[in-house]
Amino acid sequence: MKFRISHCLAVLMASGGVSAQEPQAVSALGRLEPEHGIIRVAAASTPDAVSGAVLAELHVREGDDIREGDLVAVLDTAPVLAARLQEAEAAVALAEREVEAARSRAVETCVRADVAADEAERRERLRAQGVAGEEEAESARGEAEARKASCASASTDVRLSETAILVARAHVARVQAELARSYIRAPFEGRVLDITVRKGELIGEKGIIEMGRVNHMFAIAEVYETDIRHVRTGQRATISSAALDQDLSGTVKYIRQKVHKQDEIGTDPAARKDARIIEVEIELENSAPAAGLTNLPVDVVIHP
């Protein structure tokens, strides 16, 4: 049966064997964990997957080491969004043809406006010479003004058609973004620790896979609240377990800010099962022996 070193030291101090002022080693139960813990890679929240998407393709296996950006899975929304993308791209092509047509109409209308303006000037000269009547000149001026207005209107139609292209292209960009979110990619470099759904299953809160940065492992020690005063960042620590060929070494990197109820329970029947603990992150010097042992219970000794 293992006793906590801090408890042994307390007994020694009570008997006068150790000064209360001397730094103490602290022992604790703990677990192995990748840097930043286990990450659940979930499906994107596309409008077509509000109530949950179905996994159409799975491209990884448990234990695979994958890089950031590698394809993990494809959702069943991908074919629908691919069709929408084709539709949106066709709308862009249609808008471009409409611009070409609008420009042609504008050129024709404005040419007619120029001709009408020239005719109005000619009628005005003839009226001044007494060859043409006032009524003919007035009619020519009216026609010229109407043609001029038609030219301005046609030019506005061209600008509106050009704006319609911008709107259509923006729609294409939006559908492309939604389609890209149907292809789930690795958010970082790491290892696939578990697969939570299979092809054909609805993707829920548990996500698709669990990943971890196993090339950078930590031991999370659950230090009793009464012992945390003896722990400081930078202290050395030893991590042991029957599953390890040899003890691992590490350094205290961070003391978490919340008090928790103890999760890891040892074999001592006299241990306090409702003890309050603070989690201490210990960075391992060599992550390789622990890379395949995420969540392994370990014994931790933090040296003074």
Side-chain angles (χ1 to χ4, degrees), residues 41-57 68-187 202-203 208:
V41 180
S45 56
T46 59
D48 295 284
V50 172
S51 58
V54 174
L55 183 63
E57 300 176 17
E68 181 178 352
D70 283 354
L71 182 63
V72 171
V74 181
L75 308 184
D76 66 331
T77 56
V80 176
L81 291 171
R84 288 182 185 174
L85 179 59
Q86 290 183 336
E87 182 181 4
E89 290 172 341
V92 171
L94 177 61
E96 290 172 344
R97 299 296 180 271
E98 289 178 347
V99 167
E100 293 175 1
R103 287 172 179 166
S104 298
R105 290 192 297 269
V107 169
E108 179 184 1
T109 303
C110 291
V111 167
R112 291 181 182 276
D114 291 340
V115 171
D118 292 342
E119 179 65 17
E121 289 180 5
R122 188 177 72 82
R123 293 284 182 176
E124 185 63 27
R125 288 195 301 270
L126 291 175
R127 186 195 65 77
Q129 295 171 3
V131 177
E134 181 69 26
E135 184 178 349
E136 291 180 353
E138 286 283 344
S139 177
R141 283 197 298 272
E143 180 66 16
E145 289 295 328
R147 294 288 184 180
K148 182 179 179 180
S150 296
C151 176
S153 177
S155 299
T156 300
D157 288 342
V158 171
R159 291 193 293 273
L160 288 174
S161 298
E162 290 172 343
T163 303
I165 290 181
L166 297 178
V167 173
R169 287 174 178 169
H171 182 59
V172 167
R174 188 187 74 181
V175 177
Q176 285 175 331
E178 292 177 350
L179 176 59
R181 297 177 74 185
S182 293
Y183 294 86
I184 310 304
R185 300 186 180 277
L202 188 68
I203 302 170
I208 301 171

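Just the heavy atoms: all of them, side chains too, but no hydrogens, waters or symmetry mates, feed the values below. The first residue of the sequence shown is numbered 1, and numbering continues consecutively from there.
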Legend entry - For Thr156, side chain to side chain donor-acceptor pair (under 3.5 Å) partners two or more places apart: Arg159
Inset, instruction - Search all heavy atoms of Ala53 against all heavy atoms of Asp76 and return the closest pair with its distance. - result: CB-OD1, 3.8 Å
Legend entry - Val72 to Ala186 - nearest heavy-atom pair and separation: CG2-N, 3.6 Å
Legend entry - Val158 versus Ala106, closest heavy-atom pair with distance: CG2-CB, 3.8 Å
Inset, instruction - State, yes or no, whether a side-chain contact exists between Leu75 and Val54 at a heavy-atom distance under 4.5 Å. - result: no
Legend entry - Gap between atom CD1 of Ile165 and atom CG of Leu94 - 0.5 Å precision: 10.0 Å
Legend entry - All salt bridge (charged side-chain N to carboxylate O under 4.0 Å, His left out) counterparts of Glu108, not counting sequence neighbours: Arg112
Inset, instruction - Check Val41 against Arg185 and note the closest heavy-atom contact, atom names and distance. - result: CG1-O, 4.5 Å
Legend entry - Distance-only side-chain donor-acceptor flag, Thr109 / Ser150, under 3.5 Å: no
Legend entry - Residue pairs passing the side chain to side chain donor-acceptor pair (under 3.5 Å) test where at least one lies in residues 89-107, sequence neighbours excluded: Glu96-Arg169, Arg103-Glu162
Legend entry - Atom pair CG (Leu81) and CD (Glu87), whose distance is rounded to the nearest 0.5 Å: 11.5 Å
Legend entry - Residues that Ala164 engages under side-chain contact (heavy atoms from CB on, under 4.5 Å), provided they are two or more places apart: none
Inset, instruction - Output all residues satisfying side-chain contact (heavy atoms from CB on, under 4.5 Å) with Ser161, sequence neighbours left out; order by chain, then residue number. - result: Val99, Ala102
Inset, instruction - List in chain and number order the residues that pass side-chain contact (heavy atoms from CB on, under 4.5 Å) with Pro79, two or more places apart in sequence or in another chain; answer none if no residue qualifies. - result: none
Legend entry - Minimum-distance pair of heavy atoms, taken over all atoms of Leu179 and Ala82: CD1-N, 3.8 Å
Inset, instruction - Tell me, please, which residues at least two apart from Glu57 pass side chain to side chain donor-acceptor pair (under 3.5 Å). - result: His59
Legend entry - Distance, nearest 0.5 Å, that separates CZ of Arg174 from CZ of Arg84: 8.5 Å
Inset, instruction - Tell me, please, which residues at least two apart from Ala91 pass side-chain contact (heavy atoms from CB on, under 4.5 Å). - result: none
Inset, instruction - Work out which heavy atom in Ala73 is nearest to a heavy atom in Leu55; give both atom names and the distance. - result: CB-CD1, 3.4 Å
